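No experiment lies behind these values; they were computed from the predicted model shown.
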Amino acid sequence: MATSAQRVHKPRIHNNQENKFEGTINNIQFKANNFRLINNDFPGEIGPHWEARVHQRAVNFTYKEVSIYIPIAAADGEHALDSTTKIVVSYVDYSDPQNPVAHKSVAGDIKFTLDKENKVFGGSLNAVMDSYEGDGSETFTIAVENFLILGK
């Protein structure tokens, strides 16, 4: 007599929330189409943190990526993007896959709530990014209102 295994599926819970990260990068429209929120741990100064990563993939398979690194100990609310808060925004432009260009926040602010248990991260972002040379000679902004990133 043969036996068969059956897969038991957890029921899906629909909470009417969808990932959303739309705004401008250097005054050019940006709409993310891939989202990730994970708890991560790096050695040294960065240490344990939440990492929210979104990217916009184009039809030619190039993409632009925005990452927000929030220390585990950071409280909900409004924070400056400076060295005292250790909240960092990075932006990488992979338009030329052989020569990606990376940028890091040097000023601005972020207002957020982070539900660590349910992995829900939402808020608004106004980041001033450094030039790709990192010398501060040119800057641009990333502006996103009412973003929502859901973790798995």
Starting at [atom1] of [X], measure out to [atom2] of [Y] and round the result to the nearest 0.5 Å.
X      : Y      : atom1 : atom2 : result
Leu148 : Glu22  : CG    : CD    : 11.5 Å
Phe121 : Leu150 : CZ    : CG    : 12.0 Å
Gln56  : Thr62  : CD    : OG1   : 8.5 Å
Lys111 : Leu125 : NZ    : CG    : 13.5 Å
Lys20  : Lys31  : NZ    : NZ    : 9.5 Å
Arg53  : Phe35  : CZ    : CZ    : 14.5 Å

Please examine the side chains of [Y] and [X], heavy atoms only from C-beta on, and report whether any two atoms are closer than 4.5 Å.
X      : Y      : answer
Ile110 : Glu78  : no
His103 : Phe140 : yes
Lys86  : Tyr69  : no
Phe147 : Val54  : no
Asn146 : Ser124 : yes
Thr113 : Asp115 : no

Do the side chains of Val66 and Val92 join up, straight or via other hydrophobic residues, at under 4.5 Å, putting them in one cluster?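 No.
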Hphob cluster co-occupancy, Val128 + Val88, side-chain heavy atoms under 4.5 angstrom: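 No.
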Under the criterion side-chain contact (heavy atoms from CB on, under 4.5 Å), which of Ile68, Asn34, Asn33 is the partner of Phe21?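 Looking at Ile68, Asn34, Asn33, the match for Phe21 under the side-chain contact (heavy atoms from CB on, under 4.5 Å) is Ile68.
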Is the backbone of [Y] close enough, under 3.5 Å, to the side chain of [X] for a donor and an acceptor to pair up by distance?
X      : Y      : value
Asn126 : Asp109 : no
Lys116 : Ile72  : yes
Asn26  : Ile28  : no
Asp130 : Lys104 : yes

Heavy-atom pair with the smallest gap, counting every atom of [X] and [Y]:
X     : Y      : value
Glu51 : Arg36  : OE2-NH2, 3.2 Å
Val89 : Met129 : O-CE, 3.4 Å
Leu37 : Val120 : CD2-N, 4.1 Å
Pro71 : Thr85  : CG-O, 3.8 Å
His79 : Phe112 : CD2-CE2, 3.3 Å
Asp41 : Gly47  : OD1-C, 3.3 Å

